[in-house]
K.L.:
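Quick one: the structure is below, and I'll ask about it shortly.
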Amino acid sequence: MSPLVVIPARLASTRLPGKPLADIAGRPMIVHVLEAALKADIGPVVVASADPEICQAVTAAKGTAVLTDADLPSGSDRVWQAVQSIDPRGQYSTIINLQGDLPTLAPQTLHEVSKVMNNPAFDIGTLVAPITSEEEKNASSVVKVACHFAPDAQQTPALYFSRQPIPWGPGPLWHHVGLYGWRRTALARFVQLPPSGLEKRESLEQLRALENGMRIGCARIAIAPFGVDTPQDLERARRLLGA
């Protein structure tokens, strides 16, 4: 069965307030992400937001939006609330959580994470791309994954995530792409768990899953999609998308 794609988005952002509605080439950033997800043609797509302005921008672009509770603590919680609203009978057993700040996302990327979910060994699927520069390696905003791909392997387990360069020693380093496939049962369990110690220390929500015994599978892609976190990122996105 096709997955349900949910894009959580919020106006509150420490480094770039209001970024989902930031204009890029004449359209809000959230609409660029929505259109990429729709082009993937992998399953229904819905935006989950506590901000009516974001929902209005999505519906104006003929997309589907769910207004979520403003008090939810994370994007995963917004995704789960939207899933319960859109699919109360549990028709969709796989959920793709797509971040709303990836305006340059290639539609094929959604298919790559969906392939991980075909492996019953994993509760959660995600993507990694090779780190190609010292700046990328040392940036705390770039999350690294301790994982190892055997020759010709398409998937491998994630053993740890960190803002520090890991693992030590010669070999490739992997940039985590903030895109997740969830088994519905795993997401339902995850949002009921309290934040974990390593999650709070690293400010990385996915560590809660690992600390509670969930298995995260990684697939590799050639280039990490470009995320927008700062005003400088936004200007770069505008240049790339022809604004």
Side-chain angles (χ1 to χ4, degrees), residues 3-40 42-88 92 95-105 107 109-110 113 141 143 177-182 184 187-188 190-192 195 199-200 203-206 208 225-238 240-241 243:
L4 174 62
V5 181
V6 185
I7 308 170
R10 64 191 184 105
L11 290 176
S13 171
T14 303
R15 288 181 288 183
L16 188 60
K19 69 178 179 178
L21 298 182
D23 184 273
I24 301 175
R27 287 171 295 168
M29 180 165 63
I30 190 65
V31 173
H32 284 274
V33 180
L34 170 68
E35 290 176 347
L38 291 171
K39 285 178 183 175
I42 196 171
V45 181
V46 59
V47 173
S49 179
D51 301 294
E53 301 94 327
I54 293 177
C55 293
Q56 290 164 10
V58 169
T59 54
K62 303 191 184 309
T64 301
V66 173
L67 187 65
T68 58
D69 292 343
D71 294 334
L72 294 176
S74 72
S76 297
D77 293 284
R78 281 187 285 279
V79 169
W80 178 239
Q81 188 172 88
V83 168
Q84 292 175 293
S85 174
I86 290 289
D87 183 30
Y92 294 95
I95 313 300
I96 293 180
N97 177 345
L98 170 60
Q99 301 304 313
D101 58 2
L102 298 173
T104 63
L105 180 83
T109 307
L110 292 179
V113 76
S141 59
V143 178
V177 178
L179 175 65
Y180 296 96
W182 287 90
R184 187 186 182 111
L187 180 58
F190 178 85
V191 298
Q192 297 299 318
E199 173 189 1
K200 290 186 285 188
S203 294
L204 295 175
E205 196 179 52
Q206 60 270 41
R208 187 192 317 174
F226 172 58
V228 174
D229 291 310
T230 66
Q232 294 75 21
D233 293 338
L234 179 58
E235 291 308 312
R236 180 183 172 195
R238 286 169 171 163
L240 290 171
L241 293 171

K.L.:
Drop me the distance from D51's CG to L11's CG, to the nearest 0.5 angstrom.
P.N.:
3.5 Å

K.L.:
Which atom names give the shortest non-hydrogen contact between G75 and P8, and what distance separates them?
P.N.:
O-CB, 3.8 Å

K.L.:
What is the minimum heavy-atom distance between P225 and T104, and which atoms define it?
P.N.:
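For P225 and T104, the tightest heavy-atom pair comes out as C-OG1, 4.2 Å.
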
K.L.:
Which residue is it: V79, V66, V45? I am looking for the one with a side-chain contact (heavy atoms from CB on, under 4.5 Å) to V6.
P.N.:
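It is V79; the other options fail the test.
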
K.L.:
What pair of heavy atoms forms the shortest contact from P44 to P3, and how long is it?
P.N.:
CD-O, 3.5 Å

K.L.:
On a heavy-atom basis, which atom in V228 and which in D233 lie closest, and how many Å separate them?
P.N.:
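So the two residues come closest at CA-CB, 3.7 Å.
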
K.L.:
With no hydrogens and no angle check, is any side-chain donor or acceptor of R10 less than 3.5 Å from a backbone partner on A70?
P.N.:
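Flag not set: sc R10 to bb A70 has no pair under 3.5 Å.
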
K.L.:
For the atom pair CG (L16) and CG (D229), what is the distance rounded to the nearest 0.5 Å?
P.N.:
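Answer for the CG-CG pair, L16 versus D229, is 8.0 Å.
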
K.L.:
Using 0.5 Å steps for rounding, measure from the CD atom of E235 to the CD1 atom of I24.
P.N.:
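E235 CD to I24 CD1: 9.5 Å, rounded to 0.5 Å.
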
K.L.:
Does any N or O in the side chain of R184 come within less than 3.5 Å of the main-chain N or O of Y92, such that one atom is a donor and the other an acceptor?
P.N.:
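Confirmed, R184 side chain pairs with Y92 backbone.
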
K.L.:
Could you pull out all donor-acceptor pairs under 3.5 Å where a side-chain atom in residues 96-103 meets a protein atom, sequence neighbours excluded?
P.N.:
| from | atom 1 | to | atom 2 | distance (Å) |
| --- | --- | --- | --- | --- |
| N97 | OD1 | Q99 | NE2 | 3.4 |
| D101 | OD2 | K19 | NZ | 3.0 |

K.L.:
What pairs of residues pass the side chain to side chain donor-acceptor pair (under 3.5 Å) test when at least one of them lies in residues 61-71, not counting sequence neighbours?
P.N.:
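For residues 61-71, and leaving out neighbouring residues, the side chain to side chain donor-acceptor pair (under 3.5 Å) pairs sorted by first residue read D69-Q81.
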
K.L.:
To the nearest 0.5 Å, tell me how far R27 CZ sits from L34 CG.
P.N.:
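So the gap between those two atoms works out to 10.0 Å.
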
K.L.:
What pair of heavy atoms forms the shortest contact from D23 to R238, and how long is it?
P.N.:
O-NE, 2.7 Å

K.L.:
Let me confirm one number: the CG-CG distance from D77 to L187, rounded to the nearest 0.5 Å.
P.N.:
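The CG atom of D77 sits 8.5 Å away from the CG atom of L187.
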
K.L.:
So, taking the atom named CD in E35 and the one named CD1 in I30, what distance separates them when rounded to the nearest 0.5 Å?
P.N.:
11.0 Å

K.L.:
Could you pull out the closest heavy-atom pair between V191 and A188, with the gap in Å?
P.N.:
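Minimum heavy-atom contact is CG2-O, 3.5 Å.
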
K.L.:
Between the main-chain N or O of I54 and the side-chain N or O of S49, is there a donor-acceptor pair closer than 3.5 Å?
P.N.:
no

